[in-house]
Amino acid sequence: MFPNTRMRRCRSSKGLRRLARETVLERGDLILPVFAVSGEHREEPIPSMPGVSRFSVDLLRRRAAELKAGAVLVFGVPDPAAKDERGSAAFQEDGLVPKVVGALKKERPDLVVITDVCLCSYTAHGHCGVLTPEGEADNDRSLELLARVAECHAAAGADMVAPSAMMDGQVQAVRERLDTAGFPDTPIMSYAAKFASSFYGPFRDAAACAPGSGDRRSYQIEPANRREAVREALLDEEEGADWLMVKPALPYLDVLAELRRVSRLPLAAYQVSGEYAMLKQAAASGALDERNAVLETLTAIKRAGADAIITYYAEEVHEWIEQ
Ligand code: PBG
C-alpha cells in the first residue's frame, strides 16, 4: 500500500520501463494481405484503403523482391466476367491465386505464402458458398468446392491455407482433401471466429465480394456472441485446424483472450480493412499520430493473445519497429 508501494518507481526511466515491458511486437509477427488481379502491369489503388492497391501477378512478383514482411495472405480478385454461380475460377489449377503463389515463391522462397480459401470473390452472387434454390449459402454442397480451392493452392506451393467461408465442417473437408491429395504437411489457418462485422466494408470494395443480395449473417458469427465464437474455434481445432484466427481484431480482444486461455493452438488476429481505414483517416485528419496509434493497437492485439497479426500496416510497421 502507498506510500510503501509506488507504481511509478519502475516507470521512471526509459530503460526501467523497457525492462518491465510485458509485450513486445516483433517484425516476425506480421502478415501482409495482398490483392491480386489478372493481366499485366496493373496497379489499382483502393480508394477506401489509402496506400493499398490490387496488383497483377507480374507486379506482385516484382514487389516481393522488396517486401519487408516475412509473410503474406493472398486474395484473388478475378475479372467480373470470370465469376459464375459456383465460383469455378477459384478452383482452377492455373487460376489467379495459384499463379501468384508460384510467382511469389519463385521470387522469394523464404516468404511465407498463406492463401485465403473462399468463394465470395468468385461467385456472381458474392456469397461465400454455392446457393440453395432459396438463395441461402448451401453448407454441404460448398464444402467440396472449398476443399478443391485449398487443394489448388497447396498444389501451387502455398505454405498454409486459410479457409474463411464459415461453412460448418470446412476445416475437416479441407484437411481430408489435402491429406488424400498428397499435401498432409500443409497447415490450415482457420478463420475460426469470424464475426458478421461492419468493419469489412472497405475490403468488399477491394475484393469485389459484397453479396449481391442479403448478408452473411447466416454463416458469420453474431458480434454479440463470445461463447459461440469459442465453440466455433474449438470445433475447428477438433476438425484439424493448425492455427485459429479471430477477425476483426481490436473490437474482439475479449474473444482473443478467451481463445488464448482455452486453446493451445497458435492464434492469429486480423486487423481488418475497416480498422485500417479508421486509423488512416483519423491520422490523415490530424486527429491521431499514426505511428503511435497503430503500434498501440497492434501491441494491444498481441497482449490479448495473438501470436501473429494480419495487418495492412505490415510494411510500415517494419519501418517503425527495431528488431
Ligand atoms: C471473405 C473475406 C472477407 C475478409 C477476408 N476474407 C470479407 C467478408 O467476409 O465479407 C475481410 C477482410 C478485411 O476486411 O480486411 N471471405
Side-chain angles (χ1 to χ4, degrees), residues 30-36 46-54 72-78 83 87 89-91 96-97 114-123 125-130 137 139 142-143 145-146 149-150 153 160-168 170-171 174 188-223 229 232 236 243 245-252 268-281 294 297-298 301 308-314:
L30 305 170
I31 302 170
L32 176 73
V34 297
F35 298 106
I46 301 158
S48 53
M49 300 174 72
V52 181
S53 294
R54 293 181 285 250
V72 293
L73 174 61
V74 179
F75 293 92
V77 189
K83 300 190 186 202
F91 41 88
L96 191 51
V97 171
I114 310 168
T115 57
D116 182 81
V117 173
C118 196
L119 298 175
C120 62
S121 298
Y122 301 86
T123 52
H125 44 74
H127 280 285
C128 301
V130 282
N139 195 86
S142 302
L143 295 181
L145 303 183
L146 291 165
V149 178
H153 295 178
M160 178 144 70
V161 293
S164 71
M166 290 299 284
M167 296 297 124
D168 289 325
Q170 65 178 13
V171 172
V174 167
I188 298 175
M189 175 183 273
S190 171
Y191 281 69
K194 181 175 181 183
F195 290 88
S197 171
S198 344
F199 290 100
Y200 307 148
F203 177 93
R204 291 182 185 171
D205 287 346
C209 70
S213 66
D215 53 36
R216 303 207 204 287
R217 290 185 185 275
S218 76
Y219 41 103
Q220 298 181 347
I221 306 171
E222 168 75 31
E232 270 283 0
D236 284 359
W243 273 78
M245 189 201 297
V246 174
K247 175 185 172 192
L250 206 60
Y252 297 91
Y270 196 147
Q271 181 176 57
V272 299
S273 57
E275 298 178 79
Y276 175 81
M278 283 200 300
L279 286 161
K280 271 283 169 210
Q281 289 181 24
V294 170
T297 61
L298 297 176
I301 292 165
I309 306 173
I310 302 158
T311 174
Y312 301 96
Y313 271 113

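For ligands, and for the atoms within them, numbers begin at 1 and follow the listed sequence.
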When you compare the side chains of Thr297 and Glu275, does any donor N or O come within less than 3.5 Å of an acceptor on the partner?
no
Going by distance alone, is a donor N or O of one side chain under 3.5 Å from an acceptor N or O of the other, for Asp116 and Tyr191?
yes
Before you tell me yes or no, could you show the steps for Val72 and Ile31 under side chain to side chain contact (heavy atoms under 4.5 Å, CB included), namely the whole-Å CA-CA distance, both residues' side-chain angles and the distance that decides it to 0.1 Å?
CA-CA 5 Å; Val72 293; Ile31 302 170; 5.6 Å; no
Side chains of [X] and [Y] in contact at under 4.5 Å (non-hydrogen atoms):
X	Y	result
Tyr270	Pro33	yes
Thr115	Leu73	no
Leu250	Gln271	no

Protein residues having a heavy atom less than 4.0 Å from any atom of ligand 1
Phe75, Asp116, Cys118, Cys120, Ser164, Lys194, Phe199, Tyr200, Phe203, Arg204, Arg216, Gln220, Lys247, Tyr270, Val272, Ser273, Tyr312
